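Below is one structure, written out as structure tokens; comments come after it.
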Amino acid sequence: MNELSNVGFRVVKNIERVNQKIIEEFKGIATPNIGDVMGRMFAMDYSIKSINKPGIHIAGSAFTVRSHPGDNLLVHKAMDLAHPGDIIVVDACGDMGNAILGELMCHYAKTKGIVGYIIDGPVRDLYGISEMGYPVFAKGGTPRGPYKEGPGEINTVISCGNVPVNPGDIIVADDDGIVVIPKEDAESVLEKAKDIQAKEKMVIDSIYNGTWERSWVDETLQKKGCQIIDCAPL
């Protein structure tokens, strides 16, 4: 039997990760700048957001989990297998019936060096998680706990927030949301995102020294046929 034939209930233990030095460089770049260089196509749905106090910014390798709605058995197994620097990304089908994790699982993940969780579903113990400062991004909260029955998969391709995520892709998440960087494109995206960040710094400087070039606004309006008049007719 093929070792990956048990579709829907299988665990892949080892994954290919991007060089950690590259991942570290993403930590200084905001998600909007990263998303812009990928055609604005790789940002997760806005409904998955940080439950922490403002100021969270994380980057790491995606350790993927596909769980049955309302069940976290495979998430527990993922915590045991994930490496320091990984972010556990859970496709819980967007179901909001039962929390996928809570504060205890965050404490355990923290001791393992796991960077954070991205959950396409709800969590619980929001106050406790926020107070401990552990990065969790989720669709919301519920006091209703999870089941531990399975099935599910670890380290197969998933969909989270309407974006495909492969094991080992880079995840960057902050107050604006979450972007997924395909691992094979990591170096290219990094360089382009750095360029955008540098250009934005130059624009900010030009705003304050009065040299920000604004002629493109009227040029664009003119090309699109917008009528601009000095005042409304009586």
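Treat the numbers as computed from the prediction; the structure is a model and nothing was measured.
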Crowding at CD, Gln197 (>12 non-hydrogen neighbours, <6.0 Å): yes
Polar side chain donor-acceptor pair, Ser159 to Asp91, under 3.5 angstrom: no
Student check: side-chain heavy atoms of Ile154 and Lys77 closer than 4.5 Å: yes
NZ/NE/NH1/NH2 to OD/OE distance under 4.0 Å, Lys139 and Asp45: no
NZ/NE/NH1/NH2 to OD/OE distance under 4.0 Å, Glu103 and Arg124: no
Positive for side chain to side chain contact (heavy atoms under 4.5 Å, CB included) with Val65, one of Val90, Ile158, Ile119: Val90
Pro135 vs Tyr117 side-chain heavy atoms within contact, under 4.5 Å: no
Salt-bridge contact Arg66-Glu153 (side-chain N to carboxylate O under 4.0 Å): no
Connected via hydrophobic side-chain network under 4.5 Å: Val136 and Tyr127: no
Heavy atoms of other groups near Arg40 CZ, more than 12 under 6.0 Å: no
Path from Ile88 to Val172 over hydrophobic side-chain contacts below 4.5 Å: no
Derivation of the salt bridge (charged side-chain N to carboxylate O under 4.0 Å, His left out) call for Arg17 and Asp86: CA-CA 9 Å; Arg17 296 170 176 83; Asp86 287 345; 2.8 Å; yes
Salt bridge Lys21-Glu24, side-chain N to carboxylate O under 4.0 Å: no
Ion pair check, Asp195 and Lys199, cut-off under 4.0 Å: no
More than 12 heavy atoms of other groups within 6.0 Å of Tyr147 OH: no
His68/Glu149 under side chain to side chain contact (heavy atoms under 4.5 Å, CB included): CA gap, chis, key distance, verdict: CA-CA 9 Å; His68 194 278; Glu149 302 292 338; over 6 Å; no
Short side-chain donor-acceptor distance under 3.5 Å, Asp176 and Tyr46: no
Side chain proximity check, Val89 to Ile171, heavy atoms < 4.5 angstrom: yes
Heavy-atom side-chain contact between Met79 and Met105 under 4.5 Å: yes
Residues, nucleotides or ligands: over 12 heavy atoms within 6.0 Å of Phe9 CZ: yes
Note, Ile170 side chain near Val179 side chain (heavy atom, < 4.5 Å): no
Asp169 side chain near Ile181 side chain, heavy-atom distance below 4.5 Å: no
Close side-chain approach of Ile58 and Ile56, heavy atoms under 4.5 Å: yes
Check: Thr220/Gln222 side-chain N/O donor and acceptor closer than 3.5 Å: no
